[in-house]
Amino acid sequence: MAENAIKPEVRQVAYHDENVQPVKAQTIDELHSLQKKKSFSNTHRGDSPDAEEERQRQHLASLSFSLASLTRETGPKVVKGDPANKRVESPKAEFTSHHHFTAEPSDSALKFTHILYNLSPAELYEQAIKYEEGSFITSTGAIATLSGAKTGRSPKDKRVVKDATTEEELWWGKGSPNIEMDEQTFLVNRERAVDYLNSLDKHSFESTASLQRGWEVTDECVATYRCIRPTPQELEEFGTPDFTIYNAGRFPCNRYTHYMTSSTSIDINLSRKEMVILGTQYAGEMKKGLFGLMHYLMPKRHILSLHSGCNMGKDGDVALFFGLSGTGKTTLSTDNNRYLIGDDEHCWSDNGVSNIEGGCYAKCIDLSRVKEPDIWNAIKFGTVLENVVFDEHNREVDYTDKSVTENTRAAYPIEFIPNAKIPCVGPQPKNVILLACDAFGVLPPVSKLNMAQTMYHFISGYTALIAGTVEGIKEPQATFSACYGAAFLMWHPTKYATMLAEKMQKHGATGWLVNTGWSGGSYGSGSRVKLPYTRKIIDAIHSGSLLEANYTKTEVFGLEIPDQIKGVPSEILDPMNAWSDKEAYNKTLLKLASLFKNNFEGFVNYNIGTDSNLTEEILSAGPQF
């Protein structure tokens with residue numbers, strides 16, 4: 001370049017938009033404080049600061065009282081907020097409950113216990129990522145966590161306090177899921193749980209007064225979906241809880257305590273309206289614990305609690321689906337042509353049916369977009385994945401991986417299902433469908449039941465396990481679970497069956513037994529009834545066309561089977577016709593009938609009401625041979 005050439009001038013120009021106002025903050029903390037605005041409910045938006053402070057004081061008073069030891073101290077000094085947050089609310093909001101016992105000094109009484117309650121999913125995500133080891137955000141936005149050593153329920157560790165009331169009301173003895181404990185032992189475990197929780201720096205609470213485990217907060221998110229979520233107004237006005245769960249699942253029970261058989265204990269005291277969880281972090285314990293509570297309370301109010309799926313057609317026809325694992329309950333109750341009311345727990349009252357839960361707790365082992373698109377698409381932000389395995393880099397979940405457990409779960413609000421009916425209520429059911437996966441291959445694909453037969457099969461709760469589902473099984477094995485959920489029953493099964501029959505008779509519902517299992521032979525020789533055929537059967541039940549068919553009665557079980565169903569081969573409707581070896585069919589039929597009869601002997605000595613006529617009627621509806 002020539003010496004007299006003009007050199008380019010380089011300038012740094014700062015472009016400034018005159019319309020943008022500067023940030024009104026002098027420090028980074030002040031800037032962060034501007035990110036969040038105060039949340040007020042519409043109900044109390046115009047209230048004074050004093051009224052707001054009084055409501056908060058009442059909330060903290062209730063929480064402090066829940067954490068009070070029964071013998072040694074008042075409730076802890078509680079303050080709302082995360083102790084790690086510099087902007088935690090002032091200790092002037094603290095509250096200590098006053099108990100009727102004489103307070104003694106303790107370390108927990110000398111410190112503040114920080115309380116977080118009624119958190120949103122976003123807030124729960126933040127707490128889980130900060131404090132709960134093993135929590136990760138997956139590629140779809142769901143949060144994945146672990147349940148510790150226990151990856152399933154511990155039914156042998158469930159205890160119910162036996163007192164003067166429950167001794168008369170509950171189902172005890174052989175076949176009952178209710179294992180007794182006394183009041184004193186319950187209080188020992190309650191005190192152990194409270195002491196552990198008070199030793200922590202922070203607690204997380206749910207509005208239904210479910211006391212969650214220390215720093216670990218994903219359980220609260222799961223619990224939120226299990227219950228019907230309150231409105232903002234109901235949260236503001238929430239007072240003394242009806243029932244309290246002390247979930248200290250990270251801390252074991254003392255196995256030398258009376259009635260304890262392991263380091264795990266799930267204890268229910270119906271008189272105190274309390275539940276204590278020790279030694280298990282599996283989220284399903286809270287779900288089924290609350291369901292057991294509903295199984296006790298609802299019948300006292302003449303409302304039938306049900307372990308069932310439920311859907312509704314476009315014309316308002318409601319169907320209930322009962323079935324054990326592997327029978328197709330979830331698959332058949334989730335129908336794109338019908339509205340989903342719920343997949344697991346319901347109540348049937350004089351006003352119709354309603355879902356007990358506010359969400360789903362779905363199994364997700366081997367989940368695929370093709371097989372279960374609704375569940376697949378529900379796994380997004382706000383969903384909790386339990387015990388799944390994912391890629392350490394891209395966080396994509398491998399639903400086929402059973403490294404942690406086969407019992408992997410996804411918990412999500414029911415509104416994540418596109419065809420869910422919101423609110424989850426419906427009119428009186430028109431059909432009650434009892435599902436069985438009969439691996440013996442002798443039950444018809446579908447049969448219409450009279451009322452006594454419906455009660456008999458409802459109490460029996462039959463399905464069959466097959467080779468490959470449980471280690472050591474080489475041939476079909478009959479499984480019976482009373483009312484399709486014996487583990488959660490409180491009253492005797494015949495009480496639920498009687499209520500079911502009364503409601504079906506009052507509202508004109510029809511009972512059906514649908515076999516989703518084998519035809520033309522037992523497992524290993526016959527073939528499973530094709531899912532499209534079963535769907536055609538269910539469609540015919542929903543439409544009412546199956547009521548118009550001609551029926552014949554089978555031998556031994558006395559079941560009414562239709563002569564034809566559109567889209568279903570007639571030769572499979574009568575199981576005997578589908579077997580080439582008639583002698584083998586009769587032998588297998590009698591074998592299954594004997595298993596039914598042996599199972600039902602546990603119920604024959606229980607009369608319903610003051611006479612045994614109804615009991616005898618149910619017995620006569622079973623197999624005759």
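Note that the structure is predicted; figures quoted are calculated from it, not measured.
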Pair Lys300 + Glu169: basic N to acidic O under 4.0 Å: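 Yes.
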Residues Glu345 and Lys288 bridged, charged N to O under 4.0 Å: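 A salt bridge is present here (some side-chain N lies under 4.0 Å from a carboxylate O).
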Are a donor atom and an acceptor atom from the side chains of [X] and [Y] found within less than 3.5 Å of each other?
{"X": "Lys156", "Y": "Thr261", "answer": "no"}
{"X": "Lys363", "Y": "Ser325", "answer": "yes"}
{"X": "Asn387", "Y": "Thr151", "answer": "no"}
{"X": "Asp401", "Y": "Ser403", "answer": "yes"}
{"X": "Asp267", "Y": "Tyr259", "answer": "no"}

Given Phe322, Phe321, Trp348, Phe488, the one that forms ring-ring contact (aromatic ring centres under 6.0 Å, His included) with His307: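 Of the listed residues Phe322, Phe321, Trp348, Phe488, the ring-ring contact (aromatic ring centres under 6.0 Å, His included) partner of His307 is Phe488.
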Rounded to the nearest 0.5 Å, how far apart are [atom1] of [X] and [atom2] of [Y]?
{"X": "Arg192", "Y": "Thr257", "atom1": "CZ", "atom2": "OG1", "answer": "6.5 Å"}
{"X": "Met275", "Y": "Arg190", "atom1": "CE", "atom2": "CZ", "answer": "14.5 Å"}
{"X": "Thr494", "Y": "Ile459", "atom1": "OG1", "atom2": "CD1", "answer": "6.0 Å"}
{"X": "Glu357", "Y": "Cys424", "atom1": "CD", "atom2": "SG", "answer": "10.0 Å"}
{"X": "Asp391", "Y": "Ser139", "atom1": "CG", "atom2": "OG", "answer": "9.0 Å"}
{"X": "Leu290", "Y": "Ile356", "atom1": "CG", "atom2": "CD1", "answer": "9.5 Å"}

With side chains defined as the heavy atoms from C-beta onward, is the minimum distance between [X] and [Y] less than 4.5 Å?
{"X": "Lys287", "Y": "Arg153", "value": "no"}
{"X": "Ile422", "Y": "Ile414", "value": "yes"}
{"X": "Met260", "Y": "Asn189", "value": "yes"}
{"X": "Thr165", "Y": "Leu270", "value": "no"}
{"X": "Asp344", "Y": "Lys329", "value": "yes"}
{"X": "Lys273", "Y": "Asp242", "value": "no"}
{"X": "Thr334", "Y": "Asp343", "value": "no"}
{"X": "Ile303", "Y": "Cys347", "value": "yes"}

Given Val384, Ile417, Leu385, the one that forms side-chain contact (heavy atoms from CB on, under 4.5 Å) with Tyr412: Ile417
Test item: [X] side-chain N/O and [Y] main-chain N/O as donor-acceptor pair under 3.5 Å:
{"X": "Thr383", "Y": "Ala378", "answer": "yes"}
{"X": "Thr138", "Y": "Ala142", "answer": "yes"}
{"X": "Thr264", "Y": "Gly279", "answer": "yes"}
{"X": "Thr408", "Y": "Ile365", "answer": "yes"}
{"X": "Asn178", "Y": "Trp172", "answer": "no"}
{"X": "His346", "Y": "Ser308", "answer": "yes"}
{"X": "Glu386", "Y": "Ala283", "answer": "yes"}
{"X": "Ser176", "Y": "Trp171", "answer": "yes"}

Taking all non-hydrogen atoms of both residues into account, name the closest pair between [X] and [Y] and its distance.
{"X": "Leu340", "Y": "Cys310", "value": "CD1-O, 3.7 Å"}
{"X": "Val388", "Y": "Cys364", "value": "CG1-SG, 4.0 Å"}
{"X": "Met499", "Y": "Pro299", "value": "SD-CB, 3.9 Å"}
{"X": "Ile143", "Y": "Ser135", "value": "CD1-CB, 4.4 Å"}
{"X": "Leu306", "Y": "His295", "value": "N-CE1, 4.2 Å"}
{"X": "Ser262", "Y": "Cys253", "value": "O-SG, 3.1 Å"}

Mutual orientation of the aromatic rings belonging to Phe251 and Tyr196 [parallel < 30°, tilted 30-60°, perpendicular > 60°]: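 Geometry flag for Tyr196 against Phe251: parallel rings.
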Whether Phe381 and Tyr125 hold their rings parallel, tilted or perpendicular, with breakpoints at 30° and 60°: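 Rings of Phe381 and Tyr125: tilted, as their planes differ by 30° to 60°.
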Derivation and outcome, side-chain contact (heavy atoms from CB on, under 4.5 Å), residues Ile379 and Leu367: CA-CA 11 Å; Ile379 298 176; Leu367 179 68; 3.5 Å; yes
Residues that Asp157 engages under salt bridge (charged side-chain N to carboxylate O under 4.0 Å, His left out), provided they are two or more places apart: none
Thr280/Ile266 under side-chain contact (heavy atoms from CB on, under 4.5 Å): CA gap, chis, key distance, verdict: CA-CA 9 Å; Thr280 175; Ile266 303 97; 4.3 Å; yes
Arg395 charged N/C atom sitting above Phe390 aromatic ring, 6.0 Å / 45°: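 No, Arg395 and Phe390 do not form such a contact.
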Audit row: Glu285, Lys150, side-chain contact (heavy atoms from CB on, under 4.5 Å) steps and yes/no: CA-CA 10 Å; Glu285 294 292 5; Lys150 296 294 179 74; over 6 Å; no
Gln127 and Glu132: CA distance, side-chain angles, deciding distance, side-chain contact (heavy atoms from CB on, under 4.5 Å) verdict: CA-CA 7 Å; Gln127 293 294 315; Glu132 187 170 347; over 6 Å; no
